[in-house]
Amino acid sequence: MHWSDVIAQRLAERGDEHIIATGITPSGEFHIGHLREILTGDMIARAARKAGLKAELVFVVDNADPLRKVYPFLDDAYHEFIGMQLGSIPAPDEHGKPDWARFEQDGWNYGDHFLLPFLEALKQIGVQPRLIPNLESYQNGFFTNSAKRACDDPEAIREIIERVSSRELPETWFPWQPLNSKGSLDGISVTGYEFPLVYWKDEYGVEGQSDITKGEGKLPWRLDWPAKWGFNKITCEPFGKDHGAAGGSYATGVEIAAFFGHEAPTPLVYEWISLRGQGAMSSSTGNTVGPIEALQLVPPEILRLLIANSKPNKAIEFDTGMGLVNLADEYERLASRDFEAELADDSLSRRQRVQVEDAKVALDLSMVDPEHQAQSTAVSFRHLALLAQTKPTDEALMGSLIDSGTIHASTAALEDRLQRMRSWITSQHFPEEMRISILSHPNVESMNELTQDQRNLVQPLAATLKAVDWTAEGITSAFSNTAKELETPMREMYRTLYAMFMGTVRGPRLAPILVNCERDVILELADACAALIDN
RNA sequence: GGGCCUGUAGCUCAGUCAGGUAGAGCGUCGGACUUUUAAUCCGAUGGUCGCGGGUUCGAACCCCGUCAGGCCCGCCA
């Protein structure tokens, strides 16, 4: 059974209506790693609906969390905002400086700044969750009940956290973090409490009070999380392995939620995504690939497949090079399979059957629109990558595909893919081994590897090339006529051509590529190769 | 110190929950298509299932131990 269906089954045992939560702190650029959180949630919701349950996906925006430090992409001016809540400080402008104008005019804040592009990407990917901005939840008093219970009995909370996480809390610990005289959550000590007010003194010696019903502060993370499970009625939540470890915030959350008077959501712990060869993704170090950036390279279905096809507890190494090619081709293969026919085969073993079923579910989950059936574009990514490099215009490329009988007519899906392919090819992510490059100087090593028969082709070919029209047909005729004259098989001719022009043993069809190159440059290269043979 | 995850073919991983003769894709090699879109099609190659014990008629799978890698027990998806 597919992992999403396993969770759906668990949810079915729990009840008929579900709210599946995801939550992210908008402290910096969103990246592919965050996509796993939200896509995992989305796929659980779809699986639950498939199982006949009512399911809604929500996205808790943790904009009540404080700015922890001045990240590399921020101006030093952000020093004054450390400890302040992301939803109440100005967003950085293009230079990383606080954009006061927009903040004061229309309340454009730090959290919004990073959230919006992510939501845009999510839309393209087919995920449109209900947003729950956490800061507003505090300000609207939704946290009041839980905050009151915690503040009324801090020792009970302390006991749970210390026992479950086996860490000691400082004497001064209090289950509410008030905002200080400068609006920061840092460097403050609680001096007293009488509902709804928490009394405090900050590091500047200023004293004040914080009303827990109005969001003049927040619950520490380990309480904040279980509290919002309650008033948001969360029944299921996928979260990263960092929260899932024994003694982690989910473990304490389960008991704290019970203390608050509600049940913890059904958990699903997922592994992190790292960038191939560069370790974990992190917004703060800038080691990221953003969802928008990824969408410029591949269609959304393929990003969805990455998540759908990996079990949550499996670490994913995101590879924007060959890994992406393989992933995309995997998608094409899946899309062209006939699962109904495969499943109708009675001779399948239990394992084989499971494999086919899971592949089908993974493909279904990859659809941006859950109502749509996957359709194969009939052209593999690998193949398209070649064509896109050899055909300068889309018309030429489609024409060539139609001529070869690969497709009957151009489709929107294919054109969309081609557009992304072209942007991928020009990006830094495109793998070198896929890049077609014509040599500028002869590759001596390759030339030396040629057999005598092959070497004999070089000079006649260089001469013939000069005489033909510089068209694909003309160049092709130069190849075949030269081979015919010397009574050499075409196979040998191609081997020679690739050595001369690309320094390789094999390659893509050469004539269409050469015709797009400068005639004189190619002739010069051919002559240089011929000169090499001479010596 | 305590805990979690991972370890299966050259590579990426299924298969472990319900024990029953080791799977897929990619790669590699060979063949076909006889002017090749590194295309497509066909075939072959390939694994002491990290290691050692135990349970069992039977273990990649269950149990115990052990090694290696990653991670968590402030914050982080």
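- Closest approach to the A:W272 side chain among B:C76, B:U6, B:G70 is made by B:C76 (side chain taken as heavy atoms from C-beta onward).
- One can place CG of A:L497 at 13 Å from P of B:U36, the figure rounded to the nearest angstrom.
- Between the C1' atom of B:A14 and the NE2 atom of A:H2 lies a distance of 12 Å, rounded to the nearest Å.
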- Task: Kindly express the pairing pattern of RNA chain B in dot-bracket notation, using | wherever a base pairs with another strand and counting only Watson-Crick or G-U pairs under 3.5 Å.
- Result: ((((((((.[[[[.)....(..]]]].(((((.......))))).....[[[[[..)....]]]]])))))))....

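- Of all nucleotides listed (B:U40, B:U6, B:C75), B:U6 comes nearest to the side chain of A:N313.
- Residue A:S380 places its side chain closer to B:U40 than to any other of B:U40, B:C75, B:U35.
- Rounded to a whole Å, the CG atom of A:D319 is 21 Å from the P atom of B:G25.
- Under the rule for a salt bridge (charged side-chain N to carboxylate O under 4.0 Å, His left out), the partners of A:R304 that lie at least two apart in sequence or sit in another chain are A:D42.
- Distances were taken from every side-chain heavy atom of A:R382 (C-beta onward) to each of B:C76, B:C26, B:C13; the shortest belongs to B:C26.
- The side chain of A:E330 lies closest to B:G25 when the candidates are B:U36, B:G25, B:C5.
- The CD1 atom of A:I436 sits 12 Å away from the P atom of B:A39 (whole-angstrom rounding).
- Taking the six-membered ring for Trp, A:Y250 and A:W229 have ring centres closer than 6.0 Å.
- Taking the nucleotide of RNA chain B with the nearest heavy atom to each of A:K311 and A:G507, the more 5' of the two is matched to A:K311.
- If you measure from atom CD of A:E271 to atom P of B:G70, you get 12 Å, rounded to the nearest angstrom.
- Taking 3.5 Å as the limit, the base of B:A24 and the side chain of A:Q355 contain no donor-acceptor pair of atoms between them.
- A:R163 is listed as a side-chain neighbour of A:E255, based on a closest heavy-atom distance under 4.5 Å.
- Considering only side-chain atoms of A:R509, the nucleotide from B:U36, B:C73, B:C76 that sits closest is B:U36.
- At a threshold of 4.0 angstrom between heavy atoms, the contacts of A:R506 include nucleobase atoms, whether or not backbone atoms are also involved.
- Here A:R333 reaches the OP1 or OP2 of B:C26: one of its side-chain N or O atoms lies under 4.0 Å away.
- Distances were taken from every side-chain heavy atom of A:S165 (C-beta onward) to each of B:U35, B:C73, B:C76; the shortest belongs to B:C73.
- One atom, CD1 of A:I513, and another, C1' of B:U36, lie 11 Å apart when rounded to the nearest Å.
- Taking atom CG on A:D242 and atom C1' on B:G3, their separation rounds to 15 Å, with Å as the unit.
- With a 4.5 Å cut-off on side-chain heavy atoms, A:W225 and A:P265 do not count as touching.
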- Task: Check the pair A:S184, A:I82 against side-chain contact (heavy atoms from CB on, under 4.5 Å), reporting the backbone distance first and the verdict last.
- Result: CA-CA 7 Å; A:S184 165; A:I82 288 179; over 6 Å; no

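- In this entry the distance linking CG of A:L386 with C1' of B:U40 reads 13 Å, nearest Å.
- Contact check for A:T377 versus A:E332: side-chain heavy atoms found under the 4.5 Å cut-off.
- With sequence neighbours excluded, the residues satisfying salt bridge (charged side-chain N to carboxylate O under 4.0 Å, His left out) with A:K241 are A:E271.
- Across all strands, A:S477 comes closer than 4.0 Å to no nucleic acid atom at all (heavy-atom distances).
- Comparing the C1' positions of B:G69 and B:C62 gives a spacing of 25 Å, expressed to the nearest Å.
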